Amino acid sequence: MERVYINTISGHEGKEVTLKGWLYNIRSSGKLIFPEFRDGTGLIQGVVSKNEVDEKVWNDFNDLTQESSVIVTGLVTKHPKKEDTYEIQVKNLEIIQIAEPYPITPKEHGVDFLSDRRHLWLRSQRQAAILRIRNELVQSIREYMYNNGFILFDTPIFTPNACEGTSTLFATDYFDLGKAYLSQSGQLYAEAGAIALGKVYTFGPTFRAENSMTRRHITEFWMMEPEMAYYDIDDNMDLIEDFLEYVIQRVLKNCSKELKSIGRDTSKLENVLKPFPRITYEEAVEILREKDIPLIKKTENGEEHIRPFPFGEDFGAPHEEAIVENFNKPVMVHRWPAEAKAFYMKRDPKDPKIVLGVDVLAPEGFGEIIGGSQREDNLELLKQRIIEHDLPIEAFSWYIDLRRFGSVPHSGFGLGLERLVSWVCNLDHIREAIPFPRRPNRITP
RNA sequence: UCGAGGAUAGCUCAAUGGUGGAGCAUUCGGCUGUUAACCGAAGGGUUGGGGGUUCGAGUCCCCCUCCUCGAGCCA
């Protein structure tokens with residue numbers, strides 16, 4: 001008997017096949033049982049008729065519990081009521097294991113209950129669909145990079161110091177060498193790679209020990225960071241645009257079934273085509289002033305609302321939202337005030353208070369999915385910035401070397417994978433975008 | 001870290017300071033086209049922990065623990 005997967009079942013109509021999987025749900029009606037099977041590729045309903053199977057098979061079905069592992073054999077037929085749906089007329093059943101009472105029922109559950117059982121929650125159709133979409137996104141990112149001449153350049157996870165110095169780092173003991181920190185970005189190393197290989201990208205886990213308890217943050221997440229020699233900020237934005245269009249259009253094409261099953265309105269994603277709006281920070285501030293969105297500052301006795309929005313301040317969630325709602329595509333906000341950004345960003349030659357950085361804000365309130373910049377390539381200016389930011393200059397000696405030996409203009413950006421997944425899937429919370437999320441208050445399972 | 005809300009059956013939630021309930025899940029019974037199937041029955045509780053007010057506390061007050069949402073930080 002041929003073993004088939006549920007997602008290819010339509011090609012086996014009228015044939016007897018074997019499915020290896022699990023019991024997803026079961027309903028019965030007197031002398032008929034409707035078991036629903038899953039096998040990791042999809043769901044299919046079985047039909048068991050008491051008059052047409054051995055008594056043992058009938059009795060075995062009555063013993064089955066949710067998530068019991070089973071191998072079933074039967075005839076593939078069209079569903080009598082539903083279009084494009086198939087059923088299996090069960091003839092035989094082999095029980096691999098009777099599952100203990102399964103905690104996740106077809107009814108509603110709270111997020112904490114499900115998170116405690118993440119290892120089981122992953123079996124639900126919605127979670128499985130999200131992870132298939134994640135897989136497609138990762139694959140398309142890698143293919144875009146490969147097809148466009150980027151070299152995969154893996155950067156270390158144990159690092160001796162902070163990349164930007166601002167974010168909190170996870171510390172570990174590293175033999176006799178003192179503390180090592182888990183990487184919060186591969187960028188500085190990728191810059192060395194870009195000078196060596198032209199165009200590179202790093203794609204790996206990153207760690208931020210920030211106590212951020214929002215729907216957009218996890219402490220361990222995957223980041224893809226391309227870095228390109230002889231790219232200025234505008235080349236960088238051209239790349240971001242081309243890259244995002246490719247990835248989104250491809251996931252729409254290859255994951256239409258999964259996107260539909262999680263109820264994603266794909267019309268908003270279909271719109272993600274070049275060109276994307278590019279606005280300067282200054283223009284973004286104009287939008288905020290027109291909409292009368294204030295800067296909210298915390299003071300000793302509550303908060304202070306400052307309007308009009310002052311030039312030079314960084315944006316918070318309400319500001320990003322107000323800017324994004326003017327457009328129906330990702331928005332690239334570029335040329336930021338220097339004090340709001342990292343030390344390695346190159347200053348705008350036209351205005352030393354401005355850096356050549358770019359943030360990409362996703363539509364529908366998903367916030368910053370990409371942050372990038374042209375890097376400071378001048379030896380003296382870079383040293384000066386490191387000192388200004390109060391960073392230990394010895395630790396950056398190898399990084400500074402890149403400006404001593406054949407320095408060139410170069411740029412890059414960082415893409416947060418889980419934020420991309422959240423946006424594509426329209427998730428309420430980033431915790432569903434990764435198999436086992438790590439948050440400040442959760443490290444299990 | 002700050003602000004707001006919450007913790008009651010295995011799960012999701014009700015309960016005016018006065019005998020703690022329902023749906024689902026589980027067990028048993030019924031039903032030949034069910035779709036979070038349906039119908040009937042049964043079992044299931046130290047109301048997160050500690051203290052206080054009261055004749056009487058799931059309910060009011062204080063402390064603690066944990067969770068959720070929002071803010072900040074960022075991808």
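Because the structure is a prediction, the values reported are computed rather than measured. Just so we're on the same page: letters track the sequence lines, and every chain starts at 1. Atom set for the values below is all heavy atoms of this structure, side chains included, hydrogens, waters and symmetry mates excluded.
- In this structure, A/Phe34 does not count as stacked on the base of B/rG33 under the 5.5 Å centre distance and 30° plane angle limits.
- At the heavy-atom level, A/Arg117 lies nowhere under 4.0 Å from the strands shown.
- A/Ser212 contributes no side-chain N or O that forms a donor-acceptor pair with the base of B/rC74 under 3.5 Å.
- For B/rU68, the OP1/OP2 oxygens have a side-chain nitrogen or oxygen of A/Arg431 closer than 4.0 Å.
- Among the heavy atoms of the strands lying under 4.0 Å from A/Phe113 are primed sugar atoms or P, OP1, OP2 only; no base atom is included.
- The residue A/Lys50 sits apart from the nucleic acid: no heavy atom pair falls under 4.0 Å.
- For B/rC74, the OP1/OP2 oxygens have no side-chain nitrogen or oxygen of A/Arg216 closer than 4.0 Å.
- One finds no side-chain N or O of A/Arg126 lying less than 4.0 angstrom from the OP1 or OP2 phosphate oxygen of B/rA36.
- Residue A/Lys81 places at least one side-chain N or O under 4.0 Å from the OP1 or OP2 atom of B/rU34.
- When the options A/Leu361, A/Val424, A/Leu244 are evaluated for a side-chain contact (heavy atoms from CB on, under 4.5 Å) with A/Ile369, the one that passes is A/Leu244.
- Proximity of A/Asn25 to the phosphate of B/rU34: no side-chain N or O atom is located under 4.0 Å from OP1 or OP2.
- For CD of A/Glu52, the number of neighbouring non-hydrogen atoms (other residues, nucleotides, ligands) closer than 6.0 Å is 12 at most.
- Nucleic acid contact for A/Glu418: none, since no nucleic acid atom lies under 4.0 Å from a heavy atom of the residue.
- Residues A/Pro437 and A/Arg118 have side chains in contact (heavy-atom distance under 4.5 Å, counting atoms from C-beta outward).
- Note on A/Glu108: a base of the nucleic acid sits closer than 4.0 angstrom, heavy atoms only.
- Contact check, A/Asn211 against B/rC73: no side-chain N or O comes under 4.0 Å of OP1 or OP2.
- Across all strands, A/Pro80 comes closer than 4.0 Å to base atoms (heavy-atom distances).
- Closest heavy-atom contact between A/Thr202 and A/Ala190: CG2-CB, 3.9 Å.
- The two residues A/Val285 and A/Phe309 have their closest heavy-atom pair at CG1-O, 3.8 Å.
- One cannot find a donor-acceptor pair under 3.5 Å joining the base of B/rC11 and the side-chain atoms of A/His109.
- At a threshold of 4.0 angstrom between heavy atoms, the contacts of A/Leu415 with the nucleic acid are absent.
- Taking atom CG on A/Leu32 and atom P on B/rG33, their separation rounds to 6 Å, with Å as the unit.
- Under 3.5 Å, the side chain of A/His79 and the base of B/rU34 form at least one donor-acceptor pair of N or O atoms.
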